[in-house]
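Let me begin by presenting the structure, written as structure tokens, before commenting on it.
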Protein chains: 2
Amino acid sequence: MERGVAVKFSIEGIGGLPEITKGADLAALIVDATDLADGDILVITSKIVSKAEGRVVQAADREQAITDETVRVVASRVYEGGVTRIVENRQGIIGAAAGVDASNAPDGEVLLLPVDPDASARALATGIRALTGARVGVILSDTLGRPWREGQTDLAIGAAGMHVFDDLRGSTDASGKPLSVTMPCVADEIAGAAELVKGKSSGVPVAVVRGLGRFVGDLDLPGARSIQRPAERDLFRVGADEAYNEGYRDGFDESQSEGSLAEAE
Amino acid sequence: MERGVAVKFSIEGIGGLPEITKGADLAALIVDATDLADGDILVITSKIVSKAEGRVVQAADREQAITDETVRVVASRVYEGGVTRIVENRQGIIGAAAGVDASNAPDGEVLLLPVDPDASARALATGIRALTGARVGVILSDTLGRPWREGQTDLAIGAAGMHVFDDLRGSTDASGKPLSVTMPCVADEIAGAAELVKGKSSGVPVAVVRGLGRFVGDLDLPGARSIQRPAERDLFRVGADEAYNEGYRDGFDESQSEGSLAEAE
């Protein structure tokens with residue numbers, strides 16, 4: 001390696017894939033487009049998986065599709081021009097519009113997320129490993145906003161054949177002190193890094209990460225679903241307005257029932 | 001480039017830096033440790049900037065330091081063994097313990113975040129550009145948890161000499177449709193990517209990103225502060241429990257005052 005370099009990896013955006021339509025053999029198309037080796041991690045934009053799986057509905061049905069994909073409304077806000085709905089979708093992912101998106105969808109249509117992104121990732125990893133003999137990991141990525149910070153980052157919504165966390169709990173820092181709660185979500189960090197070569201407007205839906213083979217593993221490792229924190233353990237499980245309104249109703253009712261009790265005495 | 005590669009970048013973890021103490025000339029030490037060229041982006045763990053700036057307090061003063069660094073408590077939860085406090089700190093960053101951290105701090109001490117991470121980043125970018133003649137960007141990173149998802153990712157808490165967003169608003173997707181709200185936070189994506197080579201236990205506090213020169217720019221571009229969403233525009237500006245409790249009190253009081261009015265009639 002060059003002077004001073006302790007460790008290194010690279011990310012390549014893979015061009016030249018054809019337009020993906022329902023039934024496309026993504027594993028074969030990806031293997032055709034690039035050379036893969038043991039330890040490589042493929043980051044695949046979930047949109048092309050949705051297209052291959054036929055997860056497409058008419059744009060006119062967009063609002064109904066969002067409702068159908070929604071398990072739980074986390075927060076919503078009305079603004080000039082529409083409503084922003086942050087929801088938990090059927091995949092357990094919390095984001096805007098349940099992942100239903102018109103960008104890079106066929107004209108007049110919108111794309112839904114894959115039904116089970118971890119299963120899709122596992123099928124792709126299995127297929128690509130079989131075709132190449134290379135032990136690769138696979139991440140399906142989607143673009144998501146986040147609380148407190150402007151803009152979006154790409155995150156892992158599906159994963160297979162790799163560790164999604166670098167679990168350092170129980171290990172020590174450089175000076176020997178315990179890192180009790182440290183567990184970097186490497187799958188999210190890799191998905192975000194891959195966005196830097198894939199972009200939104202570039203027509204590059206697949207990236208290959210080379211040099212992070214230490215995170216690649218068996219096909220039955222936990223997928224991206226294991227990244228999702230159960231709502232009951234989350235300090236931000238619903239929006240501030242929604243929680244306030246629920247509290248207000250409960251407080252109002254409690255006070256009223258106290259009044260009723262007092263009247264009855 | 002290799003077969004199929006449309007675009008590529010690499011990230012190198014830079015080893016060999018000495019232990020950083022108060023007053024250290026970080027720009028000179030980094031320039032000594034690696035070769036830099038136009039368009040490179042340096043991702044520097046904020047901890048070594050804190051050390052160079054002497055942002056260290058005695059571990060016994062940790063709780064007081066957290067209180068001192070806190071502008072606003074966003075959410076807190078008592079659990080067996082302590083309290084988790086998610087706060088907005090003086091830098092405007094929302095995270096646990098106001099960024100006060102014992103890991104990789106000197107024995108018996110804890111590190112505070114740099115007072116003004118964007119200013120620190122700008123000083124480093126200015127110094128490194130002067131020493132090398134290379135037009136580089138600088139990110140200061142810190143490790144932060146997030147709502148809804150387990151684990152942590154590294155994010156940009158300071159930035160200089162680069163665009164922190166890839167502002168695609170107004171541009172189009174590969175099929176020509178407008179990307180009206182798309183604005184990837186590339187500074188956060190790059191900070192997270194750099195964590196993959198820096199790690200928490202590796203003693204590698206600096207990474208160099210080569211191949212993303214399109215994001216490098218003037219030293220007076222907006223810094224990481226521009227990533228922070230103002231609380232009043234955030235659907236998750238306080239925790240669900242905190243918002244519920246505030247609503248409950250308001251609802252209870254409102255009901256009581258209605259009762260008082262009725263009695264007075």
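Heavy atoms only: backbone and side chains are in, while hydrogens, waters and symmetry mates are out. A, B, ... follow the sequence lines: proteins, then strands. Residue 1 opens every chain.
With a 4.5 Å cut-off on non-hydrogen atoms, B:Asn245 does not touch chain A at all. Only the backbone of B:Asp32 comes within less than 4.5 Å of a heavy atom in chain A; its side chain stays farther off. Both the backbone and the side chain of A:Phe9 have a heavy atom closer than 4.5 Å to some heavy atom of chain B. With a threshold of 4.5 angstrom between heavy atoms, B:Leu212 approaches chain A through side-chain atoms but not through N, CA, C or O.
With chain A as the partner, the residue from B:Ile227, B:Thr34, B:Val206, B:Val238 showing the most heavy-atom pairs under 4.5 Å is B:Ile227. Between chain B and the options A:Asp253, A:Asp188, A:Val186, the largest number of non-hydrogen pairs under 4.5 Å is found for A:Asp188. Here A:Ala240 is the residue among A:Gly15, A:Ser10, A:Ala240, A:Gly239 with the most heavy-atom pairs under 4.5 Å with chain B. Between chain B and the options A:Cys185, A:Gly211, A:Gly92, heavy-atom pairs under 4.5 Å are most frequent for A:Cys185. With respect to chain B, the highest number of heavy-atom pairs below 4.5 Å among A:Gly151, A:Gly13, A:Ala191 belongs to A:Gly13. With chain A as the partner, the residue from B:Ala193, B:Gly251, B:Ala33 showing the most heavy-atom pairs under 4.5 Å is B:Gly251. For the options B:Glu246, B:Arg214, B:Arg249, B:Gln228, heavy-atom pairs under 4.5 Å to chain A are most numerous at B:Glu246. Comparing B:Met183, B:Glu88, B:Glu19, B:Glu254 by how many heavy-atom pairs each has under 4.5 Å with chain A, the most go to B:Met183. The residue among B:Leu155, B:Leu17, B:Thr84 with the most heavy atom pairs within less than 4.5 Å of chain A is B:Leu155.
In this pair, A:Phe252 and A:Tyr248 present their aromatic rings parallel. The plane angle is below 30°, not in the 30 to 60° band.
Taking 4.0 Å as the cut-off between side-chain N and carboxylate O, A:Glu150 and B:Arg233 count as a salt-bridged pair.
Between the side chain of A:Arg210 and the main chain of A:Leu36, no donor-acceptor pair closer than 3.5 Å is present.
With sequence neighbours excluded, the residues forming a salt bridge (charged side-chain N to carboxylate O under 4.0 Å, His left out) with A:Asp241 are A:Arg77, B:Arg237, listed by chain and number. For A:Ala75, the side chain to side chain contact (heavy atoms under 4.5 Å, CB included) partners two or more places apart in sequence, or in a different chain, are A:Ile86, A:Glu242, B:Leu235, B:Phe236.
Checked options B:Thr153, B:Asp154, B:Asp101; the residue passing with B:Thr143 is B:Asp154 (criterion: side chain to side chain donor-acceptor pair (under 3.5 Å)).
Contact of the A:Ser141 side chain with the A:Glu195 side chain is not registered, since no non-hydrogen atoms from C-beta on lie closer than 4.5 Å.
Counted by atom type alone, A:Ser255 and B:Gln256 present one or more donor-acceptor pairs between their side chains at under 3.5 Å.
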Test log, rule side-chain contact (heavy atoms from CB on, under 4.5 Å), inputs A:Val164 and A:Ser226: CA-CA 8 Å; A:Val164 297; A:Ser226 67; 3.5 Å; yes
